[in-house]
There are 2 protein chains.
Amino acid sequence: MDQKMPTTTKKPPQKRLTRTRAALCSTLLTLLEEKALEQITVKEITARADIGYATFFRHYADKEELLHDLAAQEIRRLLTMTLPILYTEDTQASTQALCSYVWEHRVLWKALLTGGASATVKEEYLKQALDLAEDAPKAEAWLPAELAVTFAVTSALDILTWWLKQKKPMSNKEIAVILNRLAIAPVYQPQKTD
Amino acid sequence: MDQKMPTTTKKPPQKRLTRTRAALCSTLLTLLEEKALEQITVKEITARADIGYATFFRHYADKEELLHDLAAQEIRRLLTMTLPILYTEDTQASTQALCSYVWEHRVLWKALLTGGASATVKEEYLKQALDLAEDAPKAEAWLPAELAVTFAVTSALDILTWWLKQKKPMSNKEIAVILNRLAIAPVYQPQKTD
DNA sequence: CGTAAATGATATGCCGTGTATCAATAGTGG
DNA sequence: CCACTATTGATACACGGCATATCATTTACG
């Protein structure tokens with residue numbers, strides 16, 4: 001039962017492993033600012049990251065897995081921050097917080113949303129959002145709950161995408177007002193024009 | 001100077017050429033219902049279409065070109081029909097017409113929007129829409145014109161996508177009301193809640 | 001029928017993927 | 001500082017899809 005510990009306790013060092021993975025993620029992020037994932041070769045990634053070609057596959061089965069690893073955690077982080085929108089009545093404040101966060105991490109999110117991974121990122125984002133919002137309290141009678149989430153999430157992402165694409169982006173306060181008015185309030189705030 | 005007409009006027013028959021192209025388009029459409037474009041091989045397309053492999057490249061440079069040829073005309077058609085939204089004040093009627101048209105061609109548009117080409121189709125759709133809407137009269141002061149179009153188009157497409165994905169879709173009248181209320185009216189109709 | 005366009009079939013070179021192997025390096029524990 | 005092992009680098013390899021070229025065959029039109 002303890003064939004794994006002949007004499008000394010062997011603990012796998014994880015320093016280098018982590019460093020290589022970080023390098024791969026970082027490099028992919030850079031490349032995604034230029035072109036789509038399909039046009040990026042593993043050879044290209046490893047070359048820029050100064051890492052052996054074969055080493056790539058010791059960490060990830062393919063490009064897609066690397067992208068997923070890179071995006072999933074960032075999505076989860078942003079989504080967790082967006083979650084309060086479902087439970088508060090002051091959606092404007094939550095939306096403002098969302099835009100501030102995106103603006104602070106605009107390099108990352110510009111790459112994720114406007115780059116070659118946008119389709120995958122948006123798809124994964126919606127998927128996670130639908131999971132989290134499954135037991136949300138708010139829903140309007142005239143609007144199926146699932147469609148409400150789908151609309152709010154995809155619209156919000158599209159507005160953010162447009163925002164980050166601009167050469168001279170407006171302030172995060174300005175975009176937050178628009179985002180809340182177009183994508184959030186119509187779904188998650190009682191309408192006075194019924 | 002007239003080497004092109006030795007004796008008899010040679011007019012290229014186009015029957016077979018058109019037929020082959022139609023077969024390729026149709027086959028691609030079928031395959032797109034199952035999987036993404038990247039996972040579809042030219043070999044697969046030509047095999048199902050009962051067409052020689054090399055023949056494919058006599059018509060299209062690659063898969064992407066075939067998809068573009070297939071999607072562009074359909075997009076133009078639907079977009080032309082959507083255009084009145086920009087000029088009428090009764091957006092509900094135009095939206096209703098849009099949903100009716102999509103419902104009539106739901107097989108085609110389900111493949112285009114929910115299948116493996118969705119990203120390309122949506123991107124192309126937005127591109128064409130931005131061109132057409134460039135000299136549109138309507139714009140709200142608080143909302144940049146380009147963002148208005150981007151939001152309306154992408155939101156509408158996302159709502160339509162959700163609609164077509166449902167196993168038991170609601171009627172086109174129902175979805176038209178929602179679509180107009182969420183994506184069109186907030187942008188192209190005077191807001192009474194200002 | 002005869003002619004030219006269009007196709008089918010096949011061979012070929014190229015490139016990216018993913019695996020396997022083995023020598024070299026780096027980090028850990030003693 | 002010395003082992004010892006995880007991790008890496010480099011290379012070779014098989015596999016498959018892409019795209020082109022070639023030539024015989026078929027189709028369509030006059």
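Every chain is numbered from 1, with letters handed out A, B, ... down the list of sequences.
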State whether B:Arg19 places a side-chain N or O below 4.0 Å from either non-bridging phosphate oxygen (OP1 or OP2) of C:dA6. no
For the helix from C:dC1-D:dG30 to C:dG30-D:dC1, what angle separates the axis at the start from the axis at the finish, each from five pairs, in steps of 10°? 30°
Measuring from B:Leu108:CG to B:Leu70:CG, what's the distance to the nearest 0.5 Å? 7.0 Å
Rounded to the Å, how far apart are B:Glu65 CD and D:dC18 P? 15 Å
From CZ (B:Arg181) to CD (A:Glu140), nearest 0.5 Å: 7.0 Å
Is there a side-chain contact between A:Thr20 and the phosphate of D:dT8, meaning an N or O under 4.0 Å from OP1 or OP2? yes
Salt bridge check, A:Glu34 against A:Arg48: does any charged N sit closer than 4.0 Å to a carboxylate O? yes
Think B:His59 has a side-chain N or O under 4.0 angstrom from the OP1 or OP2 of C:dT7? yes
Can you check the B:Asp62 CG to D:dA19 P distance for me, whole Å? 5 Å
Between C:dA6 atom P and B:Arg21 atom CZ, what is the distance in whole Å? 9 Å
A:Asp50 CG - C:dT25 P separation (whole Å): 16 Å
If you measure from the Lys or Arg side-chain nitrogens to the Asp or Glu carboxylate oxygens, is any gap between B:Lys165 and A:Glu146 under 4.0 Å? no
Any residue of residues 29-38 of chain A with a heavy atom less than 4.0 Å from an atom of DNA chain C: none
May I ask you to check whether over 12 heavy atoms, not counting those of B:Gln166, lie within 6.0 Å of atom CD? yes
Atom pairs under 3.5 Å: protein N/O with N/O of nucleotides 20-26 of chain D:
| residue | atom | partner | partner atom | Å |
| --- | --- | --- | --- | --- |
| D:dT22 | O4 | B:Arg58 | NH2 | 3.3 |

Under 4.0 angstrom between B:Thr41 side-chain N/O and D:dG17 OP1 or OP2: no
Interatomic distance where CD1 belongs to B:Ile45 and P belongs to D:dG17 [whole Å]: 13 Å
Worked check of ring-ring contact (aromatic ring centres under 6.0 Å, His included) between B:Trp103 and B:Trp109: CA-CA 8 Å; B:Trp103 182 249; B:Trp109 279 101; over 10 Å; no
Any side-chain N or O of A:Lys15 less than 4.0 Å from the OP1 or OP2 oxygen of D:dA6? no
Is it true that atom CD of A:Glu65 has more than 12 heavy atoms of other residues, nucleotides or ligands lying nearer than 6.0 Å? yes
Does A:Lys122 pair with A:Asp158 as a salt bridge, N-O distance under 4.0 Å? yes
Quick check: are there more than 12 heavy atoms from other residues, nucleotides or ligands sitting under 6.0 Å from NZ of A:Lys35? yes
Whole-Å distance, A:Gln39 CD to C:dC15 C1', equals 15 Å
With a 6.0 Å cut-off (strictly less than), is the heavy-atom count around CD of B:Glu38, excluding the residue itself, greater than 12? yes
Please round to the nearest 0.5 Å and tell me the distance separating atom CD1 of A:Ile45 and atom OG1 of A:Thr41. 7.0 Å
Calculate, to the nearest 0.5 Å, the distance between atoms CD and CG belonging to B:Glu124 and B:Leu112 respectively. 11.5 Å
Protein-nucleotide distance (A:Lys63, atom NZ; C:dC15, atom C1'), rounded to Å: 12 Å
